[in-house]
Amino acid sequence: APPVEIDLDRDLIRLTARVPSWEKFLESLDDINDFKNLKVESLDEENTRITDMISQGFTHDAADKTREKEFQHYSVIAIPAGLSSIIIETSDRNPASLAIKFGHLMQMHDQEHEGETEGYAPYLLHFRHLIRFLWLAHKKSMHMVPYALSDNPIVQEWSDRIHCAYLQPRQAFHAHVVSPTQETSALEKVAFSISSLQDSLAQHKSSKEEETGENAGGFKKRFGPHLQQLFLNASAVLPYETAAKEPAPQFEKFLSQKTLGGAKTFLRGHLRANPFLNFVPSAGMATSAYTGNVQWDDTYNPRNFSIFFCGRPQNGGGQSSSYNDQALYLKEHIGNGINENEVKQILKQEKTCPKDASEALDQVQNFLALCDFIFGGESKIVMAVKTWIQHINRNKSCYDSMQRSDSTFLSQLLYCIDMAIQVHLTSCLTRQLRTDVDDECLNFSADQQNITRRQFSITLPQSIKLLALAIAPNDLQLPTLEAGKGGGRGGPQGGGLDNIDKAKLKDENYRK
């Protein structure tokens, strides 16, 4: 199961809000409209009502117990294992609908086990906060937490270890799970994470699918109508007038894998079979394809499905690509008060910016192989990316020269490709007729001409720009010349060398 990363400082927010009394929640759990229409009294209305109750003979304590509840909670919530079947067995993510389903399951468990099972902790007593949390989510009062799939190998290893130890079901999953008892360890009470629920869902369905002969995955079963439209439009072939009837064959097989782990293995095996590639896609890249999440959450910042995740692995072979050197560069050269947390935020994902034309070519070829796998070899995206391979091969010296002049040039090139594909995919998603899809955004002829004329320029997002600057090679030094041999009056300081334009000298030596 893929672990996810969230920004704790920004998104883990503690909310304090007034919510209806628990009695009102209990009365509303039989009808979703009643639940949705629950309202909180204003403080003035509440004080007036309390005063009326006291004047009618209620005690102060009895009247105060009817006050609205002040609820405090963070912007994320844990789901106990005994209630996880609601998440596993339904694709409904409407907070009000989930609250009704959780309420009914809590009542069922409590009626079945309370007073019968020793050490049983009633759900309706101990998990009221879940219903209140979902009501606030329905009212859009709860902060939504963005998350990203983690590619950090250390995080991946930790996730696998925790999942196998505490989250992996030891037997076939049953919907009627007894609430954890007091003897259960704290770790065994840990809630199912978003990603572990995905794998649990696949495992839970596998036995039923084997009995019925149904496949757990498949393009039409895994994706809804809009995602199907996106991939079929993007997989169209010449003359690109009608959408493809089926997805690319290998992509269909990939989606038919019953678990995410099996899908990752299938994709990596397919790419490794290509003798011209040395590319292992990241877990995030495989997951984005498996879930159909090929569009960026942030319109301008590459996430998950991006050419920047298709570079050569940075295994510490040189100082300029190590984390410490990149962090040192950011602190010394970027400045502006950048702190350690911001450095980690910039460098935490395994994005790769090429340092020369050879690395850029590898990165484009790797991305081409991935696009071929997903959209098919005759798709508009694949045909467009191929033009870059031809252009780089024919103009390597020009690419290297422009990269030496601007260490972000090759990153600008990759971002140009990335953004064009994102525009195309958005068009494939939103246009029902294939003839209305924006294919012109994948025409790179003008960009390639501008490169040949040394006029190419793209505005990079800050995260990519900083990464490109941080990994720029710093070993292009001036040739060593002995002092005194640079000119007629050369002294111990090097004489005539002091008056030479060193940048021009470096460029001329490179051309020689």
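All residue numbers in this chain count up from 1 along the given sequence.
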**OP:** For Asn395 and His391, indicate whether the former's side chain and the latter's backbone hold a donor-acceptor pair under 3.5 Å.
**Re:** yes
Original post:
Does Pro281 offer a backbone N or O that forms a donor-acceptor pair with the side chain of Arg268 under 3.5 Å?
Top reply: yes
Subject >> Ring centre gap for Phe127 and His129 strictly below 6.0 Å >> reply: yes
Original post:
Taking the six-membered ring for Trp, are the ring centroids of Phe367 and Phe305 within less than 6.0 Å of each other?
Top reply: yes
Original post:
Can you tell if the side chain of Ile381 reaches within under 4.5 Å of the side chain of Leu425, non-hydrogen atoms only?
Top reply: yes
Original post:
Below 4.5 Å, heavy atoms only, C-beta onward: do Leu230 and Val294 meet side chain to side chain?
Top reply: yes
Original post:
Going through the distances and angles, do Gln363 and Thr352 end up as a side chain to side chain donor-acceptor pair (under 3.5 Å)?
Top reply: CA-CA 9 Å; Gln363 206 152 335; Thr352 305; 5.1 Å; no
Original post:
Rounded to the nearest 0.5 Å, how far does CH2 of Trp296 lie from CG of Asp418?
Top reply: 4.0 Å
Subject >> Atom NZ of Lys24: over 12 foreign heavy atoms under 6.0 Å >> reply: yes
Original post:
For Ala468 and Ser411, which heavy atoms make the closest approach, and how far apart are they?
Top reply: CB-OG, 3.3 Å
Subject >> Spacing of CZ belonging to Phe409 relative to OH belonging to Tyr399, to within rounding of 0.5 Å >> reply: 6.0 Å
**OP:** Drop me the distance from Leu267's CG to Leu370's CG, to the nearest 0.5 angstrom.
**Re:** 6.0 Å
Original post:
With no hydrogens and no angle check, is any side-chain donor or acceptor of Ser75 less than 3.5 Å from a backbone partner on Ile13?
Top reply: yes
**OP:** Ignoring hydrogens and angles, tell me if any N or O in the side chain of His143 forms a donor-acceptor pair with the backbone of Leu12 under 3.5 Å.
**Re:** no
Original post:
Side chain of Glu378, backbone of Val237: donor and acceptor closer than 3.5 Å?
Top reply: no
Original post:
Could you state the interatomic distance from CD1 (Ile464) to CD1 (Ile458), rounded to the nearest 0.5 Å?
Top reply: 13.5 Å
Original post:
What's the shortest heavy-atom distance between Glu241 and Arg434, and which atoms?
Top reply: O-CB, 3.4 Å
Subject >> Point-to-point distance, once rounded to the nearest 0.5 Å, from SG of Cys428 to CG of Leu232 >> reply: 10.0 Å
